[in-house]
Amino acid sequence: MDIVNRNQSTCESGAIPSIPQYLSATNVYGITLVSLGTLAVLLVLAMLIDTLSYIMKNSPSRVKAHSAFVIGVYPVVAVATYFAILVPRAHLLSEAITQGVFMAGMYQLWCLFVSYCGGEAQLIRKVKPGTLSLRVSPCCCWPCCFFLPPIDVTKNTIQRLRLLVLQLPVVQGLVYLVLLVMWAERESLYQVNYMYLQPIIILSILFGIWGMAMTINLLKGFLGDEYMMLAKFIVLQMVLVLAKLQGLATRVLVWGNVLPCRAPITPAVYGNLIHNTLMLGEMVLLQYAARRIYKRVLPTDYTSEGITRISTIGGIMSSGLFRDNNNSNCDNMNLKLDFSKNGHINVALDVKE
């Protein structure tokens, strides 16, 4: 009777067993789960290598690093989740890594959208005289913020959008650092204070997604559907949605004593196994979706890549355009005259290769 009561109290406390205790209770189902998890991680890594190879060969140089970072979110989450299945006490660390790499990936996605425009200066030049609407979900949608007027797009406006997204990895990293320190000091200290820090996490996420939504709404008018900005945002955002919703669902199952207890496998371990197994399968699907989205030819920017500008006569002569006595190469030339306000004449000669 004492053993039964002791096991019951362990189940109610949600204790996490050590690796030897965990392995001693592993049966054929556990081995099958680990085998499927290994296969899922290998699939994610294979799709990552294939997508990275395509990006490095075909994407413009200014977007390669940002694209590589974004598609690298899924294998990092998959590997962290896989180790959480092997080591039960690594679940909090896996959750922190998932949260951190997603937030960093969201900021890199914002930088990728700006790079599609050629940088902040080119973005402002293309948008002007446009305006930025603040009435965008999730923080400020109609009719809640109908009184907010649109604001002009300036350098400060773009910087504020950047800060809204940049605060994601900073705030989330600090919060999970505090949680990990509490967990290292005393697990009960972490469990008591976890819910008190959730409002900070939620507010940070809402403001970050609001900044991304405003950026997409601003850029979709002139970038077009070929860049698939909304699809890239949704596929990345699903990492957070699935992690948060499934994590909450499994916690509810543990709190409601729905999951069984077969010591040393407690309901908390069962809940973490369910959550991590689902996350592994979903990372395979999301990596496949990202592979389909990022393995596309991006539209060519005519102003930066379709024209070679030659500013000197020597450059024109060395280009071979005047080696022939005929005028067949003149069709590839375009002479532009621009009269400035102070009376100067600016001459530009564009030569198409």
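On a predicted model such as this, the values are computed, not experimentally measured, just so you know. Only this structure's heavy atoms are used, side chains among them; waters, hydrogens and symmetry mates stay out.
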Test the Arg296-Tyr227 pair against the cation-pi criterion, namely NZ or CZ under 6.0 angstrom from the six-membered ring centroid and within 45° of the ring axis. no
How far does CG of Leu189 sit from CE of Met182, to the nearest 0.5 angstrom? 5.5 Å
Would Thr81 and His275 count as a side-chain contact (heavy atoms from CB on, under 4.5 Å) if you check the C-alpha gap in whole Å, the side-chain angles of each, and the deciding distance to 0.1 Å? CA-CA 9 Å; Thr81 304; His275 170 68; over 6 Å; no
Is a side-chain donor-acceptor pair under 3.5 Å present for Thr157 with Thr154? yes
Starting at NZ of Lys295, measure out to CD1 of Ile71 and round the result to the nearest 0.5 Å. 10.5 Å
Go through it in stages, so that I can follow the logic: the residues are Tyr107 and Arg162, the test is side chain to side chain donor-acceptor pair (under 3.5 Å), and I'd like the CA-CA distance, side-chain angles, deciding distance and then a yes or no. CA-CA 8 Å; Tyr107 176 67; Arg162 179 189 291 273; 2.7 Å; yes
For a 4.5 angstrom cut-off between non-hydrogen side-chain atoms, does Leu280 reach Asn276? no
Does the side chain of Val170 reach to within under 4.5 Å of the side chain of Met103, using non-hydrogen atoms? no
Quick one: does any side-chain atom of Asp50 pair with a main-chain N or O of Ala46 as donor and acceptor, under 3.5 Å? no
Identify the heavy atoms of Ala96 and Leu180 that sit nearest to each other, and give their distance. CB-CD1, 4.2 Å
Check for a donor-acceptor pair, side chain of Ser115 on one end and backbone N or O of Cys111 on the other, with a separation under 3.5 Å. yes
To check you understand the geometry: which heavy-atom pair defines the closest contact between Leu112 and His66, and what is its length? CB-CB, 3.8 Å
Which heavy atom of Gly105 sits nearest a heavy atom of Val70, and at what distance? O-CG2, 3.8 Å
Can a donor-acceptor pair be found, under 3.5 Å and without considering hydrogens, that links the side chain of Gln246 to the backbone of Leu278? no
same_hphob_cluster(Leu52, Leu286) at 4.5 Å side-chain heavy-atom cutoff: yes
Just checking, any donor-acceptor pair under 3.5 angstrom between side chains of Arg292 and Tyr288? yes
Where Tyr116 and Arg62 come nearest, the two heavy atoms and their spacing: O-NH2, 3.9 Å
Would Tyr176 and Glu95 count as having a side-chain donor-acceptor pair, cut-off 3.5 Å? yes
Taking Met195 as the starting point, is it possible to reach Val178 by hopping between hydrophobic residues whose side chains are less than 4.5 Å apart? yes
Around Phe83, counting heavy atoms of other residues, nucleotides and ligands shown, do more than 12 lie under 6.0 Å from its CZ? no
Find the distance between CG (Leu259) and CD1 (Ile274) and round it off to the nearest 0.5 Å. 5.0 Å
Audit row: Val284, Tyr74, side-chain contact (heavy atoms from CB on, under 4.5 Å) steps and yes/no: CA-CA 8 Å; Val284 174; Tyr74 311 103; over 6 Å; no
Give me the one residue out of Val241, Leu240, Leu242, Leu248 that meets side chain to side chain contact (heavy atoms under 4.5 Å, CB included) with Lys244. Leu240
Applying the side-chain hydrogen bond (donor to acceptor under 3.5 Å, both in side chains) test to Glu120, which of Arg125, Lys155, Gln159 qualifies? Gln159
Mind checking the CE-CD1 spacing from Met229 to Ile293? Nearest 0.5 Å is all I need. 13.0 Å
Measuring only between side-chain heavy atoms, which start at C-beta, is Phe113 closer than 4.5 Å to Leu218? no
Donor-acceptor pair, Ser59 side chain versus Met56 backbone, under 3.5 Å? no
How long is the straight-line distance from CG of Leu197 back to CG of Leu179, given to the nearest 0.5 Å? 5.0 Å
Roughly how far, to the nearest 0.5 Å, is the SG atom of Cys117 from the CD atom of Gln122? 9.0 Å
Using the rule given for side-chain contact (heavy atoms from CB on, under 4.5 Å), can you reason through Val77 versus Phe102, listing the C-alpha separation, both sets of side-chain angles and the distance that settles it, and then say yes or no? CA-CA 8 Å; Val77 174; Phe102 165 79; 5.9 Å; no
Val165 and Gly211: which non-hydrogen atoms are nearest, and at how many Å? CG2-C, 4.1 Å
Ser204 to Leu168 - nearest heavy-atom pair and separation: O-CD2, 3.3 Å
Would you call Leu219 and Thr215 a side-chain contact if the rule is heavy atoms closer than 4.5 Å? yes
Steps toward side-chain contact (heavy atoms from CB on, under 4.5 Å) verdict (Val175, Gln99): CA-CA 11 Å; Val175 170; Gln99 194 90 348; over 6 Å; no
Hydrophobic cluster membership, Leu273 vs Leu86, 4.5 Å side-chain cutoff: yes
Does a donor on one side chain sit under 3.5 Å from an acceptor on the other, for Ser67 and Tyr294? no
Same apolar cluster: Leu230 and Val235, side chain cutoff 4.5 Å: yes
Quick check: is Val73 connected to Ile234 through a chain of hydrophobic side chains (ILVMFWY, heavy atoms under 4.5 Å apart)? yes
